[in-house]
Protein chains: 2
Amino acid sequence: MVAEQKILDGAAFLKKYGSMLTDGLYMEQVPALTTLLYQGDISHSLYFIKQGSLRLWHNNGDKDITMQFFFENQMVSAFESIYLATASLYSIESLENTILYRLDRDNLLKLMDNSEELQHDILNFICERFINYQHYFLSRIKDSPAERYRDLVANEPRIIARVPQHYIASYLGITAVSLSRIKNRH
Amino acid sequence: MVAEQKILDGAAFLKKYGSMLTDGLYMEQVPALTTLLYQGDISHSLYFIKQGSLRLWHNNGDKDITMQFFFENQMVSAFESIYLATASLYSIESLENTILYRLDRDNLLKLMDNSEELQHDILNFICERFINYQHYFLSRIKDSPAERYRDLVANEPRIIARVPQHYIASYLGITAVSLSRIKNRH
DNA sequence: ATTAGTAATTAACAAATGTTAATGCGGAGA
DNA sequence: TCTCCGCATTAACATTTGTTAATTACTAAT
């Protein structure tokens with residue numbers, strides 16, 4: 001009843017359920033700055049990153065709020081948009097030339113119909129994603145941009161190495177100008 | 001497969017499932033400032049407010065981040081803590097003298113075992129709660145404290161009328177001093 | 001190699017909030 | 001009624017960020 005197992009990452013998911021997908025899983029390659037999901041649309045695909053990186057963000061008229069970066073072996077989705085068929089609050093875009101596996105909504109739902117274990121994994125996935133979001137937002141509220149930047153440098157080398165500064169600034173909730181100041185303070 | 005029905009509020013939930021609970025639902029009355037759930041504990045109760053109000057917040061050493069107020073007929077829980085049996089990120093406390101119905105974890109899980117419809121309602125509940133949180137956090141990030149205060153005055157009369165200012169300030173993400181300035185600006 | 005366009009840095013100023021502290025207000029209880 | 005204590009307001013100052021603009025650095029394409 002209560003989920004104890006760890007959430008599946010993209011690689012583990014594919015290993016576990018890939019064999020059930022004889023023809024529902026597509027591989028595609030997209031260049032940098034390709035939009036995979038537009039904010040306001042209903043999402044109909046779940047992605048797994050084979051190589052490259054993605055950015056997930058919310059647009060608010062004049063400014064972007066970047067909320068997540070994704071890299072190799074991660075599972076990427078606006079799942080609640082897929083599941084509830086509601087407008088996505090987010091856009092998803094490639095940062096680099098990226099190779100993806102794409103699992104379409106119909107195949108995902110068919111798969112869920114045929115596997116109680118998958119339903120279980122998915123419910124876990126949502127709860128974990130929910131908790132992750134709460135951690136992200138809480139850190140965004142309670143830690144200063146400078147603290148969060150230091151944390152990024154210490155714990156997220158891929159973000160520092162592969163993501164342009166102005167996206168990092170957007171992720172930290174500040175302008176590129178302010179991030180530059182923070183980096184060069186002292 | 002895909003959930004289309006609207007999320008249940010506490011009253012609708014009790015009406016729909018209350019008859020299945022011959023002895024698992026308890027009524028209790030607590031005075032103001034009573035803690036119902038301590039941050040870090042695993043939650044084992046889901047509440048319905050009959051009368052009164054509650055506050056949900058996260059503590060970060062020196063400061064509180066208030067995230068939600070609850071009033072009559074609302075269903076209140078740190079559901080992911082109940083379901084995944086993980087430490088709650090939040091505390092929940094009464095603001096006023098409050099009368100509650102309490103549904104314990106064991107009874108909730110038993111109920112879920114016996115009702116596929118309830119499982120469905122609960123999954124919807126989580127997805128909707130997730131989306132609500134995202135809206136709350138996004139507004140907290142993209143709107144200024146002054147805008148959010150005006151929004152509160154326009155749309156949340158119960159909060160303005162029944163919640164002390166310093167909790168409202170905490171909800172808006174600012175100090176009580178700053179909220180006082182905003183109120184008296186111009 | 002040159003050029004053009006984008007990204008990053010730096011500077012100067014305005015605006016908002018945090019912090020600290022002093023004051024005012026108001027209800028609960030002796 | 002008086003006192004106490006927590007809450008709200010106001011003031012003064014420091015800190016931070018946003019904004020605008022100018023400059024520099026970098027990258028990609030011709």
Side-chain angles (χ1 to χ4, degrees), chain A residues 30-35 52-53 55 57-66 69 93-98 137-153 158-186, chain B residues 31-35 53 55 57-66 69 93-97 138-153 158-186:
Chain A
V30 297
L33 302 183
T34 305
T35 299
S53 56
R55 178 175 76 100
W57 81 97
H58 173 87
N59 177 270
N60 179 36
D62 48 349
K63 75 180 74 165
D64 282 357
I65 301 171
T66 297
F69 301 110
E93 184 182 271
S94 58
L95 284 172
E96 308 167 309
N97 187 348
T98 299
F137 276 118
L138 284 174
S139 121
R140 183 151 181 161
I141 287 171
K142 70 190 183 189
D143 301 326
S144 73
E147 285 171 328
R148 295 180 60 230
Y149 178 71
R150 281 194 293 273
D151 181 70
L152 228 51
V153 169
R158 287 184 304 189
I159 293 180
I160 300 297
R162 292 163 64 180
V163 177
Q165 312 274 25
H166 61 285
Y167 291 140
I168 295 179
S170 162
Y171 179 80
L172 294 174
I174 54 180
T175 61
V177 173
S178 189
L179 175 55
S180 182
R181 274 189 297 230
I182 286 172
K183 285 175 62 181
N184 300 100
R185 201 165 282 169
H186 269 232
Chain B
L33 303 184
T34 305
T35 300
S53 56
R55 178 173 77 101
W57 82 97
H58 173 86
N59 177 269
N60 180 36
D62 49 347
K63 74 179 76 163
D64 281 358
I65 301 171
T66 298
F69 301 109
E93 184 182 270
S94 59
L95 285 171
E96 308 167 311
N97 188 347
L138 284 174
S139 123
R140 184 148 181 164
I141 287 171
K142 69 191 186 191
D143 300 327
S144 72
E147 285 170 330
R148 296 179 59 231
Y149 178 70
R150 281 194 292 274
D151 181 71
L152 228 52
V153 169
R158 285 183 305 188
I159 293 180
I160 299 297
R162 292 164 63 181
V163 176
Q165 311 275 23
H166 62 285
Y167 291 141
I168 295 180
S170 161
Y171 179 79
L172 294 174
I174 55 180
T175 60
V177 173
S178 190
L179 176 54
S180 181
R181 275 190 296 232
I182 286 171
K183 285 176 61 181
N184 299 101
R185 201 167 281 169
H186 270 230

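All of these numbers come straight from a predicted model, not from anything done at the bench. Proteins get letters first, then strands, A, B, ... in listed order; numbering begins at 1 in each.
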Tell me if a side-chain donor or acceptor on B:Thr66 pairs with a main-chain N or O of B:Ser170 at a distance below 3.5 Å. no
Report yes or no: does A:Ser94 contribute a side-chain atom to a donor-acceptor pair with the main-chain N or O of A:Thr34 at less than 3.5 Å? yes
Side-chain heavy atoms of B:Tyr171 within contact of B:Arg55, under 4.5 Å: no
Interatomic distance, A:Arg185 CZ vs C:dT10 P [rounded to whole Å]: 13 Å
CG of A:Leu33 versus C1' of D:dT27: gap in Å, rounded? 14 Å
Rounded distance (Å) that lies between atom C1' of C:dT6 and atom OH of A:Tyr167: 11 Å
Honestly, is A:Arg158 close enough over A:Phe69, meaning NZ or CZ under 6.0 Å from the six-membered ring centre and within 45° of the axis? no
Could you check whether any side-chain N or O of A:Arg148 sits under 3.5 Å from a backbone N or O of A:Asp143, counting only pairs where one atom can act as donor and the other as acceptor? no
Nearest-angstrom distance from the residue atom CG of B:Asn184 to P of C:dT17: 14 Å
Nearest to the A:His166 side chain among C:dT10, D:dT9, C:dA7, which nucleotide is it? C:dA7
DNA chain C: A:Gln165 or B:Ser144, which has the more 5' nearest nucleotide? A:Gln165
Quick one: B:Glu147 CD to C:dT17 P, roughly how many Å, whole number? 11 Å
Protein heavy-atom contacts under 4.0 Å, written 5' to 3' over nucleotides 18-30 of chain C as B (base), S (sugar-phosphate only) or - (none), form the string BBB----------
Given atom OH of B:Tyr149 and atom P of C:dT17, what is their separation to the nearest angstrom? 14 Å
Answer yes or no: is there a side-chain heavy-atom contact under 4.5 Å between A:Arg162 and A:Leu95? no
Just so I know, are the side chains of A:Ile182 and A:Arg185 near enough to count as touching, which here means a heavy-atom distance under 4.5 Å? yes
Nucleotide of D:dT17, C:dT17, C:dA7 approaching B:Pro145 most closely (side-chain heavy atoms): C:dT17
Provide, to the nearest angstrom, the distance between the CZ atom belonging to B:Arg148 and the P atom belonging to C:dT17. 12 Å
Using atom CG of A:Leu172 as one end and atom P of C:dA8 as the other, report the distance to the nearest whole Å. 13 Å
